[in-house]
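Notes for the one structure printed next.
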Amino acid sequence: MLSEEEIEKYKKAGKILKQVREYSKTLIKKDALIIEIIKKLEKKIEELGGKCACPINISLNDIAAHDCAGINDTRKLKKGDLVKVDFGIHVDGYIADSGYSIEVENNEHSELIKCAKTALENVIKILEPGITLSEIGRIIEEEAKNNGFQPIVNLSGHSIERFKLHAGISTPNFDTHSNFKIPEGTVIAIEPFITTGKGVVNEAGKSKIYEMIKKVPVRIDFVKKIQNYIEKSYNGMPFANRWLSEAGFKNVDYALHNLVKSGSLNSYPPLREITHSPVAYAEHTIIILDKPIITTK
Ligand code: MN
């Protein structure tokens, strides 16, 4: 079980996240550079005493997740973009994970956005110690289908542990008929992804997000230096290739490719809905107790 002190740290991370999330809404505008938005948000997180537990994801339209600002990214937001903003913020390893969807000067997808939000709220209402994964998935699937949409079946929520953004438990976005019961004291991020398409994503394009899984010995000197830096800077949590470039490293993508091949890193490329249909999402982090605590609300 979590101690009072640990719960306080989870709440503190959540409080920082809420402030950064509100601030982000003022930056999502037509013609805004994605890299500038993200740099401003990263600065805000630091000012408030938090750290990134993963790169801030800004994923557009049919990209469901795992997109972020790349090295020398020149992309701007356009009128009509369906933007998903996803934050992972930690205080001393205690993580808050939350995000939302918003359209740039448009209302074409307001039903889709509302559906993801309602699905999340419906799950939060019934969370209690011992709730089954099946029940969580069923509620999300039902809300999606009742509105004529599909849940994304190969994306899921997840439990969180100290310095572990994705710990052991995955919570489905559809009814998997799993009778696994979530134990009391589990910290869980629920994140329904809803689409007008088929409800499946696959990897699209180059990864900008990586995570260290093992410190495999490497021979090339500058790759070894980058590996050491990753180990001491990110505590096994996901990071952006851009951060290494900004820390002054050269040939970052070559080094990361090498580290992925050697089995030291995992890469997380952007995930696109297979029929290229728009995707909306919403996410909160909840500590499952008799009286659940939504740390990010
Ligand atoms: Mn999450």
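Note that these values count all heavy atoms, side chains included, but never hydrogens, waters or copies made by symmetry. Just so you know, ligand 1 is whichever comes first in the structure, and atom 1 is the first atom listed for that ligand.
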State, without any angle test, whether [X] and [Y] hold a side-chain donor-acceptor pair at a distance under 3.5 Å.
| X | Y | answer |
| --- | --- | --- |
| S24 | Y100 | yes |
| S277 | T275 | yes |
| H158 | E191 | yes |

Report the atom name of the nearest N/O/S atom of D97 relative to the Mn ion (ligand 1).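 Checking each N, O and S atom of D97, the shortest distance to the Mn ion (ligand 1) belongs to OD2.
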
Any donor and acceptor pair, going by atom type alone, linking the side chain of D81 with main-chain N or O of V83 inside 3.5 Å?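 No, the answer is negative, given that no donor and acceptor are paired below the 3.5 Å cut-off.
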
With the Mn ion (ligand 1) as the apex, the OE2/OE2 angle for E191 and E283 - to 10°: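 Rounded to 10°, it measures 90°.
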
Hey, is there an N, O or S on H158 sitting under 2.8 Å from the Mn ion (ligand 1)?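 Checking H158: at least one N, O or S atom is under 2.8 Å.
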
